[in-house]
Student: 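The structure follows.
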Amino acid sequence: MALVVYNDLTRKKEPFEPIEKDKVRFYVCGPTVYDFFHIGNARPFVLFDLFRRYLEATGYEVTFVQNFTDIDDKMIRRANETGTTVPELAERFIAEYFEDADALGIKRADIHPRATHEIGEIIKIVETLIEKGHAYEKEGDVYFSVVSFPEYGKLSKQSIDELVSGARIEVDERKNNPLDFALWKASKPGEPFWESPWGKGRPGWHIECSAMSTKYLGDSIDIHGGGSDLVFPHHENEIAQSECASGCQFVKYWLHNAYIMIDKEKMSKSLGNFMTVRDIRKKFNPLVLRYFLLSAHYRSPINFSKEGLDQAQSALERINNCYSDLNFAVANRNPCEKDDALAEAVTRARQGYRDSMEDDFNTAGALGSIFDLVRAVNVHLTENEGLYREGIKAAKDFFDDVNRVFGFFQTEEGSDAEIDALLAERVEARNSKNFKRSDEIRDLLAAKGIIIEDTPQGARWKRQI
RNA sequence: GGCGGCAUAGCCAAGCGGUAAGGCAGAGGACUGCAAAUCCUUCAUCCCCGGUUCGAAUCCGGGUGCCGCCUCCA
């Protein structure tokens, strides 16, 4: 069994074979940093981070690049509205991005390039495209000519004619073809600008990703990821620019995630029906959102709802309870004889987990295998007074391996003198049948989000997720 | 008009030809001073109609419903 991924370029599942053996060049479209990101934006960030982790866990050396778009119309507009500058706005929301991303357990990319730091690279590509006859300059703007690239439309499976006839874009006299798009935009008075062969201006959106991907990963990369709303025109345009400039195939595997839906509509900034990750974090542990995003296959839409998050929280609690029960048992139980059922359950869970993940990153299926082992561990802990050490060790190793990819086990075992003292007092109260006092202490701690559990091995506490 | 996706129990969600994973919620029971956690039992024939097949949720055809892209959007 080997990894198979669904490639949007061919619309088929294909065996994953990187261009260079054991190495993966992976690029993901990052945020435009003019605001907090919402949970729809969070989906690709979480997903592609997870794919990267899985690839790394299975032995690939991954170079992972995710950009920041820090100059475009939205940046300029927001900076004007809020009385700040574009660079200040970018700094602020790059920092906010990392705060939320860290909370969601998203690892830092190897490289987080910013468009404004790559202007030289961008100008170089635009010049190349003009030289090769794929682009033309008009009044300080530079446009890409879609008819110069016969394969234009190969990702979205549309011909230029079909795209034109369905287009809702405004006619722009400067363009030779309505589908031509800006590589470079002349700056208007008061806008940020950079000097270029075509005068003062700034890069178009699509060219950024081509430039940054090429600079840090080379002309041809293995995986390019993003939301499916980027298929057209963003990724189609990236292909056109990059392949015309380099003469090589730009990307081997195109992966796109489906949207978050809310009330049967796509969640999006423009519709205004979004919830930011920052909002969610006020009500839920961010790992609950992480679990929620991983509970369905990445190419299926997810319907967002409060109930959905509640369910995710309960499920995540079940996993975490098992993990902490397991650790507690290791510290507090004596060995018992071999438990074949547990040993077999670990083997089966590992196999099932792997089979699911290798089938186009089927995280929902993988969760099924994880829960199967949760049940088996719980059964073992319930049916035995002691502990089958080897089996439990194998289960813990599996959970730890999973966690390096899924990242939602709470691995830290808390210790707190004040809580420990209250817990000790409660034990005494219970021993002397002073249940009024013991329940008081339990309620007191519960109000602080501390949950008490009485086990045959003694009382213990944990934090509410 | 073009391209594409989805429809599986109250809810979420795998499965993609061999007789329905998993989670949440619910019901009954065990354990507990009461809880919590946990365990046991229980809870679906897969939108409709045809077809192919020994056999279909899974393939084909036709419906119905919902959604997305074709403009900034993850």
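Proteins get letters first, then strands, A, B, ... in listed order; numbering begins at 1 in each.
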Student: Answer yes or no: is there an ion pair linking A/E96 with A/R92, defined by an N-O contact shorter than 4.0 Å?
Tutor: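 Here A/E96 pairs with A/R92 in a salt bridge, since their nearest N and O are under 4.0 Å apart.
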
Student: Tell me, please, which residues at least two apart from A/H38 pass ring-ring contact (aromatic ring centres under 6.0 Å, His included).
Tutor: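 For A/H38, the residues satisfying ring-ring contact (aromatic ring centres under 6.0 Å, His included) (neighbours in sequence not counted) are A/F274.
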
Student: Output every pair passing side chain to side chain donor-acceptor pair (under 3.5 Å) with a member in residues 64-74 of chain A, not counting sequence neighbours, ordered by first then second residue.
Tutor: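 Non-adjacent pairs meeting side chain to side chain donor-acceptor pair (under 3.5 Å): A/Y27-A/N67, A/Q66-A/Y97, A/N67-A/T69, A/T69-A/E208, A/D70-A/T116, A/D72-A/K74, A/D73-A/R202.
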
Student: Has A/W205 got a side-chain N or O lying under 4.0 Å from the OP1 or OP2 atom of B/rC73?
Tutor: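 Yes, because at least one side-chain N or O of A/W205 sits under 4.0 Å from OP1 or OP2 of B/rC73.
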
Student: Given B/rC70, B/rA74, B/rU38, which nucleotide is nearest the side-chain atoms of A/N321?
Tutor: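 Ranking B/rC70, B/rA74, B/rU38 by closest atom to the A/N321 side chain puts B/rU38 first.
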
Student: Which residues pass the salt bridge (charged side-chain N to carboxylate O under 4.0 Å, His left out) test with A/R333, sequence neighbours left out?
Tutor: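 A/R333 satisfies salt bridge (charged side-chain N to carboxylate O under 4.0 Å, His left out) with no other residue.
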
Student: Please determine, for B/rC3, whether a Watson-Crick or G-U wobble partner exists with both distances under 3.5 Å, and give it or none.
Tutor: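 The answer is B/rG68, by the H-bond criterion.
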
Student: Could you tell me how the ring of A/F408 sits relative to the ring of A/Y291: parallel (under 30°), tilted (30 to 60°) or perpendicular (over 60°)?
Tutor: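 If you compare the ring of A/F408 with that of A/Y291, the planes turn out tilted.
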
Student: Polar atoms only, N or O, under 3.5 Å: list the protein pairs with nucleotides 15-22 of chain B and their distances.
Tutor:
from   : atom 1 : to     : atom 2 : distance (Å)
B/rG15 : OP1    : A/N362 : ND2    : 2.7

Student: What contact category does A/K433 fall into here, base, sugar-phosphate, or nothing, at under 4.0 angstrom with non-hydrogen atoms?
Tutor: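 Result for A/K433 = nothing.
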
Student: On the 0 to 90° scale, with breaks at 30° and 60°, tag the A/F361-A/Y54 ring pair as parallel, tilted or perpendicular.
Tutor: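 It falls in the perpendicular class, over 60°.
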
Student: If you look at every strand shown and take non-hydrogen atoms under 4.0 Å, does A/S314 touch a base, only sugar-phosphate, or nothing?
Tutor: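 Sugar-phosphate contact only.
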
Student: Mind running a 4.0 Å heavy-atom check of residues 27-49 of chain A against RNA chain B and sending the residues that fall below it, in number order?
Tutor: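 Residues of residues 27-49 of chain A under 4.0 Å from RNA chain B: A/H38, A/G40, A/N41, A/P44.
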
Student: Is there a donor on the side chain of A/R442 or the base of B/rA36 sitting less than 3.5 Å from an acceptor on the other?
Tutor: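 Result: no qualifying N/O pair found.
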
Student: Across the strands shown, which category fits A/V379 at heavy-atom distances under 4.0 angstrom: base, sugar-phosphate, nothing?
Tutor: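 Result for A/V379 = sugar-phosphate.
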
Student: Picking from B/rG33, B/rU38, B/rG23, which would you name as closest to the side chain of A/T382?
Tutor: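 So the side chain of A/T382 is nearest to B/rU38.
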
Student: Any pair with a residue in residues 252-270 of chain A that passes salt bridge (Lys or Arg N to Asp or Glu O under 4.0 Å), sequence neighbours left out, goes on the list, sorted by first then second residue, please.
Tutor: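 Of all non-adjacent pairs touching residues 252-270 of chain A, those that pass salt bridge (Lys or Arg N to Asp or Glu O under 4.0 Å) are A/D229-A/K266.
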
Student: Enumerate the residues from residues 421-431 of chain A whose closest heavy atom to RNA chain B is under 4.0 Å, giving them by residue number; use none for an empty result.
Tutor: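 Residues of residues 421-431 of chain A under 4.0 Å from RNA chain B: A/R426, A/R430.
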
Student: Under the salt bridge (charged side-chain N to carboxylate O under 4.0 Å, His left out) test, which residues partner A/R318, sequence neighbours left out?
Tutor: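 Scan of A/R318 (salt bridge (charged side-chain N to carboxylate O under 4.0 Å, His left out), adjacent residues dropped) gives none.
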
Student: Give me the ring orientation class for A/H112 and A/F98: parallel if the planes are under 30° apart, tilted from 30 to 60°, perpendicular past 60°.
Tutor: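 Taking A/F98 first and then A/H112, their aromatic rings stand perpendicular (interplane angle over 60°).
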
Student: Does A/N378 make a side-chain N or O approach to OP1 or OP2 of B/rC39 shorter than 4.0 Å?
Tutor: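 So the side chain of A/N378 is within the cut-off, an N or O lying under 4.0 Å from OP1 or OP2 of B/rC39.
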
Student: So, A/T276 and A/D279: side-chain donor and acceptor under 3.5 Å apart, yes or no?
Tutor: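 A/D279 and A/T276 do have a side-chain donor-acceptor pair below 3.5 Å.
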
Student: Could you go over nucleotides 66-68 of chain B and give all protein N or O partners under 3.5 Å, atom names and distances?
Tutor:
from   : atom 1 : to     : atom 2 : distance (Å)
B/rG68 : O2'    : A/Y259 : OH     : 3.0

Student: List in chain and number order the residues that pass salt bridge (charged side-chain N to carboxylate O under 4.0 Å, His left out) with A/K107, two or more places apart in sequence or in another chain; answer none if no residue qualifies.
Tutor: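 Per chain and number, A/K107 pairs via salt bridge (charged side-chain N to carboxylate O under 4.0 Å, His left out) with A/E56.
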
Student: Looking only at side chains, do A/N237 and A/Q241 share a donor and an acceptor under 3.5 Å apart?
Tutor: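 The criterion, which ignores hydrogens and geometry beyond distance, is not satisfied for A/Q241 and A/N237.
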
Student: Which residues pass the ring-ring contact (aromatic ring centres under 6.0 Å, His included) test with A/H234, not counting sequence neighbours?
Tutor: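 Scan of A/H234 (ring-ring contact (aromatic ring centres under 6.0 Å, His included), adjacent residues dropped) gives A/W205, A/H206.
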
Student: For a quick check of understanding: with a heavy-atom distance under 4.0 Å over all strands, which category does A/D161 fall into, base, sugar-phosphate or nothing?
Tutor: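 No contact.
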
Student: Listed by chain and number, what are the salt bridge (charged side-chain N to carboxylate O under 4.0 Å, His left out) partners of A/E418, not counting sequence neighbours?
Tutor: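 A/E418: salt bridge (charged side-chain N to carboxylate O under 4.0 Å, His left out) contacts with A/K448.
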
Student: Please name the nucleotide paired to B/rG26 by Watson-Crick or G-U wobble geometry with both distances under 3.5 Å, or report none.
Tutor: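 B/rG26 is paired, partner B/rU42.
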
